[in-house]
Protein chains: 2
Amino acid sequence: MKVLIIEDDPLHRSYLHEAVRAALPECDGVVEAENGGAGERLARDWKSAHIVMDLQMSPRNGIEAARTIWKERPETRILFWSNYSDEAYVRGVSRIVPVGAVYGYVLKSASDDRLKLALRSIFIESQCVIDREVRGMQQKSLGNINGFTEAEYEILVDIALGLTDRAIAHRRSLSVRSVQNRLQQLYVKLGVYQPLGNQGDDGRFNLRARAVAVALLRKLLNHNALERAEADLTTWLARQPHN
Amino acid sequence: MKVLIIEDDPLHRSYLHEAVRAALPECDGVVEAENGGAGERLARDWKSAHIVMDLQMSPRNGIEAARTIWKERPETRILFWSNYSDEAYVRGVSRIVPVGAVYGYVLKSASDDRLKLALRSIFIESQCVIDREVRGMQQKSLGNINGFTEAEYEILVDIALGLTDRAIAHRRSLSVRSVQNRLQQLYVKLGVYQPLGNQGDDGRFNLRARAVAVALLRKLLNHNALERAEADLTTWLARQPHN
DNA sequence: CGGGACCTTGCGGGATCCCGCAGAAAAGAT
DNA sequence: ATCTTTTCTGCGGGATCCCGCAAGGTCCCG
């Protein structure tokens with residue numbers, strides 16, 4: 001068995017290396033990559049079916065790398081080892097995991113033992129391991145109590161990118177009014193809605209901008225998610241009939 | 001000499017501990033804190049004049065901690081040891097460093113030796129040490145070539161928080177029109193400006209929202225900066241004559 | 001003192017946003 | 001098949017945003 005490590009921080013990388021060697025004595029080869037792009041290449045060359053990677057690298061973050069790796073070989077097992085349990089990350093990962101795939105998500109703050117246990121569970125026992133905290137995030141986001149529909153999330157991303165209602169309507173094949181409806185829902189769910197009528201108020205917010213702000217503060221969006229969205233947007237723009 | 005380490009990642013913390021011991025044999029005491037709040041308290045109790053800390057912790061990130069520490073004892077020497085050279089961080093730091101204070105900013109990606117050298121320079125030689133990359137950022141941001149005025153940065157933060165023009169005008173004691181002028185400048189500098197006239201275009205952006213998006217993508221703003229700004233905003237709101 | 005560079009402010013208008021209202025279409029439920 | 005619930009859609013209007021135009025104001029330089 002060979003294991004591929006994709007992690008940009010050298011300290012964490014060597015720690016991971018150590019942990020892998022200790023937890024998986026049957027492992028007979030460990031390779032390291034220090035960003036997503038290199039990771040994809042190594043995964044291809046080595047045909048490695050066992051990967052542990054960080055999210056948040058550059059260039060090519062973990063989610064992008066995982067997507068292309070899984071696209072090429074869906075049975076690959078990936079353990080995500082990340083600092084954060086931002087909803088943006090969790091959602092980003094669960095959006096790209098292939099059906100039936102074995103994967104894991106553990107936080108860097110987890111103990112030594114938990115990491116090693118996760119390694120064995122995923123690579124040997126073929127069992128998914130998701131950190132409690134992350135799992136909580138997942139349920140909050142999927143089970144729609146206080147959670148966001150895919151549609152709502154999508155429109156949130158669109159306004160975060162700075163698109164106008166019309167542009168969004170075009171992109172998502174909707175009428176402008178529908179876009180505005182979704183926006184209204186979003187405002188309500190984010191607790192940004194203005195109860196209407198209090199206009200002497202100086203502390204008034206621009207709902208559209210405010211929505212993005214609270215989404216960022218709540219880590220519903222983060223830098224990574226924005227980057228991915230921006231990339232998607234530009235490719236979409238490129239394939240549009242010019243003007 | 002005593003040294004205080006403020007860093008949330010245990011791996012990095014122990015690495016730092018090691019580096020301090022190796023670089024500063026004359027040091028006779030190292031204490032560790034794992035977030036800004038604890039760091040402030042320890043700094044007060046220990047009256048430590050030598051601190052090395054991460055930015056990006058929670059609760060109480062490095063900048064907040066440094067501000068209160070420097071407010072209480074401006075001669076404290078602080079080495080910031082961070083993953084990123086985001087303009088938001090660099091600007092945040094240089095905004096709070098007291099005149100004549102000795103401090104440093106080195107990236108975690110720097111070599112072992114550089115870190116140790118920085119430790120000696122700052123704590124022994126009383127000399128500031130700023131990483132090349134960070135220094136570049138600083139000059140780009142202060143030397144106004146492709147840089148942002150304090151005024152422009154301020155208004156950027158305000159729209160990122162979701163304030164309306166009127167609210168900003170009130171907060172900053174300007175007329176609404178002046179706010180809009182500053183916004184226009186900002187749009188130009190961010191390369192978001194719409195040359196006027198092409199209205200058949202579907203790929204149109206909402207300038208206000210788009211400005212925030214590119215600021216985030218360029219790391220002119222980041223999550224930390226937003227949090228600080230949001231905190232400032234709420235205290236400001238609280239002290240306003242109600243409604 | 002006059003001229004120039006810069007910032008601020010008001011005015012006006014076109015574009016966009018926000019959203020209540022109500023009919024049409026789609027998806028489920030009984 | 002019919003009813004209910006949800007979503008999509010157009011219309012209209014008030015608020016906001018974006019910005020060209022032009023009239024001061026301040027500061028500095030010659």
Side-chain angles (χ1 to χ4, degrees), chain A residues 144 147-156 158-215 243, chain B residues 144 147-156 158-215 243:
Chain A
N144 54 19
F148 289 65
T149 315
E150 204 54 32
E152 289 159 354
Y153 189 74
E154 202 170 55
I155 210 167
L156 170 60
D158 283 341
I159 62 171
L161 286 174
L163 295 173
T164 63
D165 292 3
R166 262 225 315 296
I168 300 175
H170 184 190
R171 179 137 116 108
R172 306 300 181 188
S173 300
L174 292 173
S175 76
V176 173
R177 192 56 182 86
S178 293
V179 171
Q180 294 170 333
N181 278 339
R182 279 151 128 98
L183 279 176
Q184 229 166 139
Q185 280 177 254
L186 186 68
Y187 298 151
V188 172
K189 283 209 183 169
L190 284 173
V192 173
Y193 188 77
Q194 301 255 328
L196 166 81
N198 50 349
Q199 75 246 23
D201 193 349
D202 254 317
R204 184 78 129 284
F205 286 115
N206 173 326
L207 293 190
R208 174 176 286 246
R210 185 61 182 167
V212 175
V214 324
N243 254 16
Chain B
N144 53 20
F148 289 65
T149 316
E150 203 55 31
E152 289 159 354
Y153 189 74
E154 202 170 55
I155 208 168
L156 170 60
D158 283 341
I159 63 171
L161 286 175
L163 295 174
T164 63
D165 292 3
R166 261 224 317 294
I168 299 174
H170 183 191
R171 180 137 117 109
R172 307 300 183 189
S173 300
L174 293 173
S175 76
V176 173
R177 190 59 180 85
S178 292
V179 171
Q180 294 170 331
N181 277 340
R182 279 151 131 96
L183 279 175
Q184 228 166 143
Q185 281 176 253
L186 185 69
Y187 298 151
V188 172
K189 284 209 182 165
L190 284 173
V192 173
Y193 188 76
Q194 301 256 326
L196 168 81
N198 50 347
Q199 73 246 26
D201 194 347
D202 255 318
R204 186 77 130 286
F205 286 114
N206 172 327
L207 293 190
R208 173 176 287 246
R210 184 60 180 167
V212 175
V214 324
N243 252 19

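Below, read A as the first sequence line, B as the second, and so on, with proteins coming before strands; counting in each chain starts at 1. The structure presented is a predicted model; accordingly, all values stated were derived computationally and were not measured.
For a distance-only test at 3.5 Å, the side chain of B:Q180 qualifies as a donor-acceptor partner of the base of D:dC19. If you check distances only, the side chain of A:R177 does reach the base of C:dG20 with a donor-acceptor pair under 3.5 Å.
Rounded to an integer number of Å, the gap from CD of B:Q185 to P of C:dT9 is 13 Å. In this entry the distance linking CZ of B:F205 with C1' of D:dC17 reads 17 Å, nearest Å. For B:I168 and D:dC18, the CD1 to C1' distance is 13 Å, given to the nearest whole Å. The interatomic distance linking B:R166 (CZ) with D:dT16 (C1') rounds to 9 Å, in whole Å. Taking atom CZ of A:R210 as the reference point, atom P of D:dC17 lies 15 Å away to the nearest angstrom. Atom CG of B:L174 is separated from atom P of D:dG25 by 18 Å (rounded to the nearest Å). The nearest whole Å value for the distance from the CZ atom in B:R182 to the P atom in D:dC19 is 17 Å. Going from atom CG of A:L186 over to atom C1' of C:dC19 covers 15 Å, rounded to whole Å.
Checking B:N206 against B:V179, the closest nucleotide of DNA chain C that is more toward the 5' end is the one next to B:V179. Nearest-nucleotide positions on DNA chain C for B:S173 and A:A209 put B:S173 closer to the 5' end. Checking B:Y187 against B:N181, the closest nucleotide of DNA chain D that is more toward the 5' end is the one next to B:Y187.
Ranking D:dG20, D:dG10, C:dT9 by closeness to the B:Q184 side chain, first place goes to D:dG20. Considering only the side chain of B:L183, D:dC18 comes nearest among D:dC8, D:dC18, C:dT8. Taking every side-chain heavy atom of B:R204 into account, C:dT16 is the closest of C:dT16, D:dT16, D:dG10.
Distance check: A:I155 CD1 to A:L174 CG gives 7.5 Å after rounding to the nearest 0.5 Å. Atom CZ in B:R171 sits 7.5 Å away from atom CD in B:E154 (nearest 0.5 Å). Of the inter-residue distances, the one linking B:N206 atom CG with A:R166 atom CZ reads 12.0 Å to the nearest 0.5 angstrom. The OG1 atom of A:T149 lies 9.5 Å from the CG atom of A:L186; values are rounded to the nearest 0.5 Å.
Residue A:S178 places no side-chain N or O under 4.0 Å from the OP1 or OP2 atom of D:dC8.
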**Asked** So A:L190 and A:F148, side-chain contact (heavy atoms from CB on, under 4.5 Å) or not? Walk me through it.
**Response** CA-CA 10 Å; A:L190 284 173; A:F148 289 65; 3.7 Å; yes
